[in-house]
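Per chain, numbering begins at 1; letters A, B, ... match sequence-line order. What you are looking at is a predicted structure, and each value in this text was computed from that prediction instead of being measured.
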Amino acid sequence: MPELPEVEHVVRALQRMVVGRRIVASDIRLAKLIAPSSRRAFNRKLKDSTIVGIGRRGKFILIELEERVALPHGRTYDTHRQVNLQKAARKQRLALIVHLRMTGKFLYQSPDDPLPRHAHAIFYLDNERRLVFRDQRKFGVMKLVPASRIRNAKGIRDLAPEPFEDDFSVDYLTETLSRSQRTLKTLLLDQNKVLGLGNIYAAEALFRAGISPFAIAADLSTKRIARLHAAIRDVLKFAILHIKGSISLEDGFSYGAAFERFWQVYDREGEPCVKCGARIRRERHGGRSTYWCPRCQRR
DNA sequence: ACCCTCACCTGCACGC
DNA sequence: TGCGTGCAGGTGAGGG
C-alpha cells in the first residue's frame with residue numbers, strides 16, 4: 001500500500017499512541033510474518049519490553065524497544081548487590097523492523113473492539129489496549145534485531161539517502177543517474193537508488209518534472225536532473241502535508257477522496273492532462289502500470 | 001549490473 | 001447470479 005508519505009503518517013500516529021507503552025504479550029498468528037524466526041522466541045523477546053521510540057528508514061518502520069531485565073530470582077540480594085547486578089544487566093535495546101508492503105496496516109484497539117480480518121500480529125499493551133497488525137495480502141514482514149544492528153539489517157543497509165536529508169543532493173542524484181542505463185521510472189522505484197517513491201509518486205514526480213518515464217537515466221541533462229530532484233522532494237512533501245490529518249490508527253490507513261484528487265497522472269488514463277489537456281496514457285512497464293502525459297513529458 | 005517474468009496473497013471491479 | 005480476467009500503493013528470487 002504505502003509509499004514514504006503514508007509510512008511517515010503511520011510513524012507519527014504510532015509515536016502519539018504507543019511510545020512509552022509496555023508490551024505485556026504478543027500473539028503472532030501468521031508464521032511467515034516473522035520468518036525465519038520462531039514465534040516462541042519472538043514472543044519471548046517482546047514480552048515486557050517497552051516501546052521507547054518509533055522511527056522510519058525509507059518505507060521501513062522502526063519500533064524501538066527496551067527489553068526487560070530478567071533479574072535472577074529465588075534469592076534475596078542486599079541493596080548493594082542489586083545495584084551492581086542491574087548495572088551488569090544493562091537493558092538491551094531492540095528494534096522491531098516492519099515493512100507494510102502493499103496492504104499492511106496498524107490498528108490501535110480497545111479490548112472490546114472486534115479483531116479485524118487478517119489480524120496477523122497482536123501486541124497487548126499495558127494500558128489494556130492492543131496494537132494489531134493486519135495485512136490482507138500477507139506480504140508484510142517483521143523482524144527483531146538488536147538496535148545496534150538496524151543499519152546493517154538486510155533491506156536497510158543498502159537504502160539510498162533519505163530524500164529530505166542533505167545527502168540526497170543534486171550531486172548524489174546526478175552521480176546515481178549517470179551510472180544507470182535504466183529508464184527513469186524503473187530507477188525511481190529502486191529504493192537503493194532513490195528512496196521513498198512507489199508507483200504513484202514516481203509517476204507524479206516525473207509528471208511534475210516534465211520528463212518521460214521512459215527516458216534513460218544517464219541521458220538526463222543537468223537542468224532536468226535538478227528539476228527531477230526538486231520534483232521528488234516536492235511530491236513527497238506535498239503528499240505528507242495533504243494526507244488527511246484525520247488518518248488514525250483506529251481506521252487503519254486509506255487514501256481519502258480529497259487526497260486522490262492530488263494525483264495528476266496516476267490512475268488517470270484517458271483523462272485530460274491538467275497542464276495541457278492531452279490524454280493521459282498508461283502502459284505496462286517493468287510489470288507495473290505507468291501513467292504519463294505524452295505531450296508534457298518528453299524523453 | 002541489468003532485464004524480464006514470476007511469485008507472494010486476497011479482494012474488487014469489470015465484462016460476458 | 002456466477003465465473004473468468006485483470007488489476008492493485010512492494011519487493012525478492014531466479015534465469016538470461
field: Counterpart residues, salt bridge (charged side-chain N to carboxylate O under 4.0 Å, His left out), relative to A/Lys45 (two or more places apart)
entry: none
So which protein N/O to nucleotides 10-13 of chain B N/O distances come out below 3.5 Å?
| from | atom 1 | to | atom 2 | distance (Å) |
| --- | --- | --- | --- | --- |
| B/dT10 | OP1 | A/Lys138 | NZ | 2.9 |
| B/dT10 | O2 | A/Gln136 | OE1 | 3.4 |
| B/dG11 | OP1 | A/Arg117 | NH1 | 2.9 |
| B/dG11 | OP1 | A/Arg117 | NH2 | 3.1 |
| B/dG11 | OP1 | A/His118 | NE2 | 3.1 |
| B/dG11 | O4' | A/Gln136 | OE1 | 3.1 |

- line: Pairing string of DNA chain C (Watson-Crick or G-U wobble, both atom distances under 3.5 Å; | = paired to other strand) is .|||||||.|||||||
Which pairs would a plain distance check flag for residues 290-299 of chain A, meaning a side-chain donor or acceptor within less than 3.5 Å of a matching protein atom at least two apart in sequence or in another chain?
| from | atom 1 | to | atom 2 | distance (Å) |
| --- | --- | --- | --- | --- |
| A/Thr290 | OG1 | A/Lys185 | NZ | 2.8 |
| A/Arg295 | NH1 | A/Cys276 | O | 3.4 |
| A/Gln297 | OE1 | A/Cys293 | N | 2.8 |
| A/Gln297 | NE2 | A/Leu206 | O | 3.3 |
| A/Gln297 | NE2 | A/Ile211 | O | 2.9 |
| A/Arg298 | NE | A/Arg295 | O | 3.0 |
| A/Arg298 | NH2 | A/Arg295 | O | 3.4 |
| A/Arg299 | NH2 | A/Phe214 | O | 3.0 |

- prompt: What is the distance from CG of A/Asp267 to P of B/dC14, rounded to the nearest Å?
  reply: 11 Å
- request: Check side chain to side chain contact (heavy atoms under 4.5 Å, CB included) between A/Lys47 and all other residues, then give those that pass, not counting sequence neighbours.
  value: none
field: Contacts of type salt bridge (charged side-chain N to carboxylate O under 4.0 Å, His left out), residue A/Asp219, not counting sequence neighbours
entry: none
task: Could you check how far CG of A/Leu33 sits from P of B/dC9, rounded to whole Å?
output: 12 Å
message: Here's a test for you: under side chain to side chain contact (heavy atoms under 4.5 Å, CB included), which of A/Val132, A/Leu125, A/Leu14 qualifies with A/Tyr108?
response: A/Leu125
query: For the rings on A/His229 and A/Tyr172, is their centre-to-centre separation under 6.0 Å?
result: no
task: Could you name each residue pair satisfying side chain to side chain donor-acceptor pair (under 3.5 Å) that touches residues 35-44 of chain A, not counting sequence neighbours?
output: A/Ser26-A/Asn43
- request: Using the six-membered ring wherever Trp is involved, compare the ring planes of A/Phe238 and A/His242 and label them parallel, tilted or perpendicular (cut-offs 30° and 60°).
  value: parallel
query: Quick check: does any side chain N or O of A/Asp27 sit under 3.5 Å from a backbone N or O of A/Ile122, one acting as donor and the other as acceptor?
result: no
- request: Between B/dT5 and C/dG6, how far apart are the P atoms? Round to whole Å, please.
  value: 15 Å
Collect all protein-nucleotide pairs involving nucleotides 1-6 of chain B in which both atoms are nitrogen or oxygen and the distance is under 3.5 Å.
| from | atom 1 | to | atom 2 | distance (Å) |
| --- | --- | --- | --- | --- |
| B/dC3 | OP2 | A/Arg182 | NE | 3.0 |

- request: Could you check whether A/Arg284 gets within reach of a base, just the sugar-phosphate, or nothing at all, counting any heavy atom under 4.0 Å?
  value: sugar-phosphate
- prompt: Say you pick atom P in B/dA1 and the same atom in C/dG10; how far apart are they, in whole Å?
  reply: 23 Å
Tabulate protein N/O versus nucleotide N/O from nucleotides 11-15 of chain C, keeping only pairs under 3.5 Å, one per line.
| from | atom 1 | to | atom 2 | distance (Å) |
| --- | --- | --- | --- | --- |
| C/dT11 | OP1 | A/His99 | NE2 | 2.8 |
| C/dT11 | OP2 | A/Lys59 | NZ | 2.9 |

B/dC9 and C/dA13, which share atom name P, separated by this distance in whole Å: 15 Å
message: For A/Asp234, give me all partners under salt bridge (charged side-chain N to carboxylate O under 4.0 Å, His left out), at least two apart in sequence or on another chain.
response: none
With sequence neighbours excluded, residues passing salt bridge (charged side-chain N to carboxylate O under 4.0 Å, His left out) with A/Asp171: none
Just distance, no hydrogens or angles: give the donor-acceptor pairs under 3.5 Å from side chains in residues 52-65 of chain A, sequence neighbours left out.
| from | atom 1 | to | atom 2 | distance (Å) |
| --- | --- | --- | --- | --- |
| A/Arg56 | NE | A/Glu8 | OE1 | 2.8 |
| A/Arg56 | NH1 | A/Gly58 | O | 2.9 |
| A/Arg56 | NH1 | A/Glu162 | OE1 | 3.0 |
| A/Arg56 | NH2 | A/Glu162 | OE1 | 3.2 |
| A/Arg57 | NH1 | A/Ala160 | O | 3.3 |
| A/Arg57 | NH1 | A/Glu162 | OE2 | 3.0 |
| A/Arg57 | NH2 | A/Leu159 | O | 3.4 |
| A/Arg57 | NH2 | A/Ala160 | O | 3.2 |
| A/Lys59 | NZ | A/Leu197 | O | 2.9 |

- request: State whether the aromatic ring of A/Phe139 stacks on the base of B/dC9, taking stacking to mean ring centres under 5.5 Å apart and ring planes under 30° to each other.
  value: no
message: Work out how far the P atom of B/dC6 is from that of C/dT5, and round it to whole angstrom.
response: 15 Å
field: Same apolar cluster (I L V M F W Y, side chains within < 4.5 Å links), A/Leu4/A/Phe168
entry: yes
